[in-house]
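The next block holds one structure in the form of structure tokens; read it before the comments.
As the structure lists them, so they are numbered: ligands from 1, and atoms in each ligand from 1.
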Amino acid sequence: MAEVPAMPDVPAMPDVIVVGGGIIGLSAAWQIQQDGAEVVVLDPAPGTGASHAAAGMLAPIHEAYWGESHILSLNLAASQAWPAFADHLGVAAVDYRRNGMLMAAYDADDKALLDNLGDLHEQEGLPVERLRSRECRTREPLLAPGVRGGVYSPLDHQVNPRRVVAELLDRVPTIPASATEVTRNQVVTDDGRVMACQQVVVAAGAWTGRLLNLPIRPIKGQILRLSGPEGLLRLPVRGIVRGSSVYAVPRSDGEIVVGATQEEQGFDTRVTAGGVYELLRDVLALLPGLSEIDLVETWAGLRPGAPDNAPIIGTGDDDIVYATGHYRNGILTAPITAIAVAALVQGREPPVDFSPFSPNRFRASNNPKAGISDHLSGISA
Ligand code: GLY
């Protein structure tokens, strides 16, 4: 019989309480442990939120958008933090793969959109290869013959987020409860406990805005899991298909994750016929060979989004440490967020300048965009 790993011991008097057991909270807790501090994570169901839905694209370049240079800089730095993090957890255990990513345009209008992104890549000096239709199909033979062109990015990688969470849960103690009130050094839970510590970290994802005064909203993503022969799809592919975005991320065991919708309708995690239809319509237009393999799961998660699409990482004016609002890049930015949180908890300087991501940018005035101009100085990748 396979050996069941022992659950990590819950400390009686933790130094640090992390509220939220998604990949951000668990990574932060693990990194805090590396400094020798006693930590516990509070979450009624750790790892079952956005981290469970996520495809695991570690894609600073294919997630780059005009006007978001500061997020791009963070995401590039985040990408560099992944190899060491994956080494600690086990590269094979978390299926961390550095085989690049292909973005493909389905029709002429989609090609125009892709060319526009190509201009952004060029302006930012990002290492990408612009590909003609035939070159796209040489890299990924499963692509439809009509694909108009693409962009290959060797710096975009992938990981299996569910496996990352499982590895972290083997290392970090958790308590199955929700926080109802938090201060810098105290948490009240929904089962009536009052827990004291030296530092509270809030990593509550889409639920942050319900706990504290921050403008975080849930952005629903529906996702599908297909299963086919190993190696059927060689590369993660992000497509623009008749103006819509779709992606397919292959795992080494033959699973292919297809995502994701972007829906702003509150705390709704229903999987809908329309959502599944749109994902299948677009992915099969781009990769018709996937129509023969099994559809094994449909799912929906809630990304936490701030008004400026940037994460919230830093110490608030309430002295709580925040790590939330990671929107489309929570898996990519988990290790660098964890390093920053551990530094803040210990009073060290974080390794890069996180000031553009401070929670106080939403508290300095009633203007939800207050402080954003500061970020354009950027952080170094
Ligand atoms: N990072 C992909 C997504 O949020 O759908």
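Residues satisfying the side-chain hydrogen bond (donor to acceptor under 3.5 Å, both in side chains) test with T261, not counting sequence neighbours, are E263.
Sorted by chain and number, the heavy-atom contacts of ligand 1 below 4.0 Å come from M57, E63, Y247, A260, R303, R328.
Defined by atom type and a distance below 3.5 Å, a donor-acceptor pair is missing between the side-chain atoms of N75 and E63.
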Could you list the donor-acceptor pairs under 3.5 angstrom formed by side chains in residues 131-145, with sequence neighbours left out?
residue: S133; atom: OG; partner: V147; partner atom: O; Å: 2.6
residue: E135; atom: OE1; partner: R132; partner atom: N; Å: 2.6
residue: R137; atom: NH1; partner: L143; partner atom: O; Å: 2.5
residue: T138; atom: OG1; partner: R134; partner atom: O; Å: 2.9
residue: R139; atom: NH2; partner: E129; partner atom: OE1; Å: 2.7
residue: R139; atom: NH2; partner: E129; partner atom: OE2; Å: 3.3
residue: E140; atom: OE1; partner: R234; partner atom: N; Å: 2.7
residue: E140; atom: OE1; partner: L235; partner atom: N; Å: 2.9
residue: E140; atom: OE2; partner: L142; partner atom: N; Å: 3.1

Less than 3.5 Å apart, which donor and acceptor atoms pair up between the side chains of residues 39-48 and the rest of the protein, not counting sequence neighbours?
residue: D43; atom: OD1; partner: A45; partner atom: N; Å: 2.8
residue: D43; atom: OD2; partner: G21; partner atom: N; Å: 2.6
residue: T48; atom: OG1; partner: A45; partner atom: O; Å: 2.7

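Relative to the ring axis of Y96, R163 does not place its NZ or CZ within 45° and under 6.0 Å from the centre.
Checked against the 6.0 Å centroid criterion, the rings of H157 and W82 do not qualify as a close aromatic pair.
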